[in-house]
Asker: 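Have a look at the structure that comes next, please.
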Amino acid sequence: MKDSKLDSVCPDLSTYNSLIHVLCLVGKVNDALIVWEELKCSGHEPDAITYRILIQGCCKSYRLDEATKIFSEMENNGYNPDTIVYNSLIDGLFKARKVNEACQMFERMVQFGVRASTWTYNILIDGLFRNARAEAAYTLFCDLKKKGQFVDGVTYSIIVLQLCREALLEEALELVEEMEMRGFTVDLVTISTLMIGLYKHSRWDWTDKLMKRIRDGNLLPSVLKWKVDMEATMKAPQSNKKDHTPLFPSKGDFSDILSLISSAASIMDGDLESDDVGVKDDKISSTHIDQWSSSPHMDRLANHFKSTDHSSQLFSLSRGQRVQAKGESSFDIDMVNTFLSLFLAKGKLTLACKLFEIFSDTGANPVSYTYNSILSSFVKKGYFNEAWGVLSEMGEKVCPTDIATYNVIIQGLGKMGRADLASSVLDKLMKQGGYLDVVMYNTLINALGKANRIDEVNKLFKQMKSSGINPDVVTFNTLIEVHSKAGRLKDAYKLLKMMLDAGCTPNHVTDTTLDFLGKEIEKSRYQKASIVRNKDDP
DNA sequence: CGCAATTTTA
C-alpha cells in the first residue's frame with residue numbers, strides 16, 4: 001500500500017510543496033490544506049518548506065487556529081521554525097487582533113534563540129499601532145534607533161504614517177528628513193503617505209516644505225509633475241468624449257453581481273418572482289428595495305444565473321495586490337489610486353470618474369484597489385446600478401475580486417434592505433476559497449443587526465471567536481448597539497462587560513452607544529416600576 | 001514574512 005503510493009506516478013515532496021504553494025498564492029488555501037492531508041497520507045514526510053508555506057497561507061487568510069496547529073506540528077516533528085515562520089505568525093496574530101498572543105509568540109521566538117530581524121520589528125511596530133498600542137510602538141522604535149539596528153526605510157515609513165494619522169505633520173516631515181539623512185530611500189509608499197496626510201489636513205501648501213526635506217532622487221518631482229499634468233488633462237475639454245456613454249454601464253443583466261451572489265439567486269427567484277412595483281410582499285416593500293426589485297432585472301438576472309459558470313470567478317487572496325512601488329509600469333496606476341482616494345475622500349465622485357476614465361484610455365491597468373474605491377463610493381451614495389456596473393467591468397477586465405470587494409457588496413445589499421442575501425454571498429465567497437477577516441465580520445454583524453436578525457448576529461459572533469479572530473472595538477460597539485436597539489438590554493450590558501474584560505479600549509463611538517443603552521435601561525426600569533408598582537433598587 | 005491608496009460601528 002505504502003509502496004504503491006510512492007511509485008513513479010505519485011508526486012514527490014517537491015511537487016507537493018509547489019502545488020501547495022501555488023494553491024496558497026491563488027487564494028485556494030482550503031484546497032492547499034486538502035493537499036496537505038493527502039501529502040501526509042502519501043508516505044512522504046513534510047519538510048520545513050511545506051510547513052512554512054502552509055503557515056504563511058493560513059496566516060494570510062486569517063486561519064490563525066490552523067496556523068498555530070501546524071506550527072506545533074512542525075515543532076513536534078523536529079523542525080525548528082525559523083525567523084520567517086515566526087514573522088508570518090506574529091503578523092497574522094496582530095491582524096487577527098490577537099495582541100497578547102502575538103507578543104507571546106515574539107517572546108517565545110527570543111526564548112528559543114531564533115534571531116529576530118528588521119522584518120520582525122517592523123511587524124511588531126506596525127502591529128502595535130494597529131492594535132491601539134501606539135505608546136509601546138513608539139518606545140520600541142526609539143529603543144531600536146538608539147541601538148542603531150533593526151531599523152530600515154519601512155520602519156520609518158510605518159512611523160511616518162502614524163504621525164500623519166495623528167496629524168503631527170511637522171514631526172512627520174522631520175522624520176522623513178532624518179530617514180534620508182540615515183541613508184534610507186524615501187520611496188513611493190512614504191511619499192503617498194505624506195501627500196495623503198497633507199491633503200487630509202488641508203496642508204497642500206506644504207509640498208514645498210516636503211521638497212526641501214527630500215533632497216535625494218527625482219521621485220517626488222516626478223510625483224508632483226504627474227499631479228500637474230493630471231490636473232491639466234482634467235481641465236482640458238474632453239474632445240470626442242462627449243458621447244454620454246456611461247463609464248460603468250450595468251447592462252441591465254447584472255451578470256457579474258449575480259455571479260457573485262449566485263447562490264442567492266434561487267432565493268431571489270422565489271422571493272421576488274411575482275414582484276411588481278407597488279404590489280409587493282409586505283416584508284420587503286418597506287424601504288430601500290426600489291433599485292433592486294425592478295423585476296425585469298431580477299428575472300433576467302435569475303435567468304442569466306442558470307446559464308453562467310460561476311466556478312471561474314477570480315478571487316485574489318492578496319487583498320488588492322500591493323503594486324510594487326518601483327518600476328515605471330506601475331507608477332501611473334499607483335498615482336491614480338492615490339488621487340482617487342483623495343478625490344473620493346472629499347466626495348468628488350465626478351472628478352474621480354474622470355480621472356479613472358482618462359487613465360483607462362491611456363491603457364493603464366486598474367487593479368482591485370482602483371475598482372474597489374469607486375465601487376465603495378457608489379454604494380455609499382446609493383448608486384447601486386453604477387456599482388454593479390463596476391463589478392461587471394472588473395469581470396471583463398479580468399480583475400480579481402478580493403475581500404474588500406465582497407465587503408462592499410455586503411454593505412450594498414444591507415443598504416438595499418437585502419441583508420437576507422448576505423449568507424448566500426458568503427457561501428459564494430467561501431466557494432472561491434475566500435475567508436473572513438475582522439472587517440468582514442464587523443460589516444456582516446452590522447448589516448444583519450440593522451435588519452434585526454439578532455440570532456444570526458450572535459451566530460456570527462460565536463463563529464468569529466471560534467475561528468481564531470478576536471473582536472475589536474468596532475465589533476463590540478456594533479454588537480452593543482444592535483442588542484440595545486433590539487431591546488436586549490441585558491445582552492448589551494453583558495457585551496460591554498465582555499469588551500472591558502477583553503482589554504478592548506472603548507472609544508467615542510462606544511460612549512454614544514452607551515448613552516443610548518443607558519436611556520433604554522432607564523426607560524425599561526420606569527416601565528417596570530409603573531406596571532408592577534414597586535420599586536427596584538439601584 | 002513588514003509600510004500608502006479599497007472594506008467596518010454612532
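Proteins come first, then strands; the chains are lettered A, B, ... in the order of their sequence lines, and each starts at number 1.
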Asker: Can you tell me the distance, in whole Å, between the CE atom of A:Met499 and the C1' atom of B:dT9?
Answerer: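 So the two atoms are 10 Å apart, to the nearest Å.
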Asker: If you take atom types as modelled and just measure distance, does the side chain of A:Ser157 reach the base of B:dC3 with a donor-acceptor pair under 3.5 Å?
Answerer: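 Checked by distance alone, the answer is yes.
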Asker: State which residues pass side chain to side chain donor-acceptor pair (under 3.5 Å) with A:Ser157; sequence neighbours excluded, sorted by chain then number.
Answerer: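 With sequence neighbours excluded, A:Ser157 shows a side chain to side chain donor-acceptor pair (under 3.5 Å) to A:Thr190, given in chain and number order.
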Asker: To the nearest 0.5 Å, what is the distance between CG (A:Leu124) and CG (A:Asn87)?
Answerer: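 Rounded to the nearest 0.5 Å, the CG-CG separation comes out at 8.5 Å.
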Asker: What nucleotide among B:dT9, B:dC3, B:dA5 has an atom nearest to a side-chain atom of A:Ile196?
Answerer: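 So the side chain of A:Ile196 is nearest to B:dA5.
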Asker: Would you kindly check whether a donor in the side chain of A:Ser192 faces an acceptor in the base of B:dA4, or vice versa, at under 3.5 angstrom?
Answerer: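 Answer is yes: a donor-acceptor pair is held.
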Asker: Within the pair A:Thr513 and B:dA10, is there a side-chain N or O less than 4.0 Å away from OP1 or OP2?
Answerer: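 Checking B:dA10 against A:Thr513, no side-chain N or O comes under 4.0 Å of OP1 or OP2.
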Asker: Any side-chain N or O of A:Lys450 less than 4.0 Å from the OP1 or OP2 oxygen of B:dT8?
Answerer: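 For B:dT8, neither OP1 nor OP2 has a side-chain N or O of A:Lys450 closer than 4.0 Å.
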Asker: With rounding to the nearest 0.5 angstrom, report the CZ to CD distance, A:Arg213 to A:Glu178.
Answerer: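 Separation between the atoms: 11.5 Å.
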Asker: Among B:dC3, B:dC1, B:dT7, find the nucleotide with the atom closest to the side chain of A:Val154.
Answerer: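 So the side chain of A:Val154 is nearest to B:dC3.
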Asker: With sugar-phosphate meaning primed atoms plus P, OP1 and OP2, does A:Lys200 contact a base, only sugar-phosphate, or nothing at under 4.0 Å between heavy atoms?
Answerer: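 If one applies the 4.0 Å heavy-atom cut-off, A:Lys200 turns out to touch nothing in the nucleic acid.
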Asker: Taking atom P of B:dT6 as reference, at what distance in whole Å does atom CD of A:Gln411 sit?
Answerer: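 Nearest whole value for this atom pair: 13 Å.
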Asker: Using a cut-off of 4.0 Å on non-hydrogen atoms, how would the nucleic acid contact of A:Lys95 be classed: base, sugar-phosphate, or nothing?
Answerer: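 It contacts sugar-phosphate atoms only.
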Asker: A:Ile480 and side chain to side chain contact (heavy atoms under 4.5 Å, CB included): which partner among A:Lys485, A:Met498, A:Met499, A:Lys494?
Answerer: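 When A:Lys485, A:Met498, A:Met499, A:Lys494 are each tested with A:Ile480, the side chain to side chain contact (heavy atoms under 4.5 Å, CB included) holds only for A:Met499.
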Asker: For A:Lys523, what residues pass the salt bridge (Lys or Arg N to Asp or Glu O under 4.0 Å) criterion, not counting sequence neighbours?
Answerer: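 With sequence neighbours excluded, A:Lys523 shows a salt bridge (Lys or Arg N to Asp or Glu O under 4.0 Å) to A:Glu520, given in chain and number order.
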Asker: Under 4.0 Å, counting only non-hydrogen atoms across every strand here, what does A:Ile84 touch: a base, just sugar-phosphate, or nothing?
Answerer: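 The answer is base, as A:Ile84 lies within the cut-off (heavy atoms under 4.0 Å) of a base atom.
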Asker: Of all the nucleotides listed (B:dT9, B:dA5, B:dT8), which has the minimum atom distance to the side chain of A:Thr478?
Answerer: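 From the listed options, B:dT9 comes nearest.
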Asker: Expressed as a whole number of angstroms, how long is the span from A:Asn407:CG to B:dT8:C1'?
Answerer: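 Spelled out: CG on A:Asn407 to C1' on B:dT8 is 6 Å.
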Asker: Taking only side-chain N and O atoms of A:Thr370, does any of them lie within less than 4.0 angstrom of OP1 or OP2 on B:dT6?
Answerer: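 No, because none of the side-chain N or O atoms of A:Thr370 sits under 4.0 Å from OP1 or OP2 of B:dT6.
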Asker: In whole angstrom, what separates A:Glu481's CD from B:dA10's C1'?
Answerer: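 Rounding to the nearest Å, CD of A:Glu481 and C1' of B:dA10 are 7 Å apart.
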